[in-house]
Amino acid sequence: MIKDKKQILSEIEVIFQNLFDDNKLKLKMKKKSKDIKGWDSLAHINIILSIERLFKFRFDPKDIYGFKNIEDLVNSIFYKINEK
């Protein structure tokens, strides 16, 4: 099933809400890690692992720290799940 970027954003928003224990957290494409309280290197790894479990793929290790904002993350997920 091909997902669009809006669906992906919505699905990862739930991951972020759970990891940061904030049901009101809303993700925007231009939002950066510094814009979300508590998003440090450990949280980043937990986000990546949760996304990999949800979408059943693995990120390339060199890409994991290359995301500048949520849009980069969503784009990477989009291409990973739709290249299958």
Side-chain angles (χ1 to χ4, degrees):
M1 175 182 182
I2 294 178
K3 296 181 184 232
D4 65 27
K5 293 177 184 181
K6 188 174 180 179
Q7 287 174 296
I8 293 168
L9 181 64
S10 177
E11 290 182 33
I12 68 169
E13 187 172 77
V14 174
I15 289 172
F16 277 74
Q17 289 170 344
N18 289 333
L19 288 174
F20 293 105
D21 195 28
D22 182 357
N23 291 335
K24 295 179 182 176
L25 178 63
K26 298 294 178 201
L27 295 183
K28 304 283 188 222
M29 292 297 245
K30 298 300 178 187
K31 196 170 264 196
K32 298 179 180 186
S33 60
K34 67 179 182 165
D35 300 327
I36 299 176
K37 185 178 180 183
W39 189 348
D40 56 16
S41 58
L42 180 58
H44 189 78
I45 295 300
N46 287 327
I47 291 164
I48 296 300
L49 292 173
S50 295
I51 289 170
E52 288 179 339
R53 273 192 299 271
L54 176 65
F55 293 106
K56 297 176 178 50
F57 74 84
R58 293 268 183 228
F59 282 105
D60 188 323
K62 71 180 187 307
D63 295 332
I64 291 175
Y65 285 100
F67 305 125
K68 295 181 184 93
N69 54 34
I70 297 295
E71 184 173 24
D72 288 349
L73 181 58
V74 168
N75 286 337
S76 182
I77 295 166
F78 178 81
Y79 293 114
K80 285 280 189 193
I81 63 175
N82 291 310
E83 72 183 4
K84 296 178 182 179

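Numbers here simply count residues along the sequence, with the first being 1.
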Gap separating the CZ atom of F57 from the OG atom of S76, nearest 0.5 angstrom: 6.0 Å
Nearest non-hydrogen partners of G38 and A43, listed with the distance: O-CB, 3.5 Å
Side chains of residues 13-24: which donor-acceptor partners sit under 3.5 Å, not counting sequence neighbours?
| residue | atom | partner | partner atom | Å |
| --- | --- | --- | --- | --- |
| E13 | OE2 | L27 | N | 2.8 |
| Q17 | NE2 | N23 | O | 3.1 |
| Q17 | NE2 | L25 | O | 2.9 |
| N18 | ND2 | V14 | O | 3.3 |
| D22 | OD1 | K24 | N | 3.0 |
| D22 | OD1 | L25 | N | 3.3 |

By side chain to side chain donor-acceptor pair (under 3.5 Å) - contacts of K5 (at least two apart): N75
Qualifying salt bridge (Lys or Arg N to Asp or Glu O under 4.0 Å) pairs, either residue in residues 61-79, two or more places apart: K30-E71, D60-K62
M29 to V74 - nearest heavy-atom pair and separation: CE-CG1, 3.9 Å
Side-chain (E11) to main-chain (I8) donor-acceptor, under 3.5 angstrom: no
Positive for side-chain contact (heavy atoms from CB on, under 4.5 Å) with I45, one of I48, I47, L49: L49
hydrophobic_cluster_shared for Y79 and I51, side chain cutoff 4.5 Å: yes
Test ring pair (Phe, Tyr, Trp, His ring centres under 6.0 Å) applied to F67 - qualifying residues, sequence neighbours left out: F59
Qualifying side-chain hydrogen bond (donor to acceptor under 3.5 Å, both in side chains) pairs with a residue from residues 31-42, counting only residues at least two apart or across chains: W39-H44
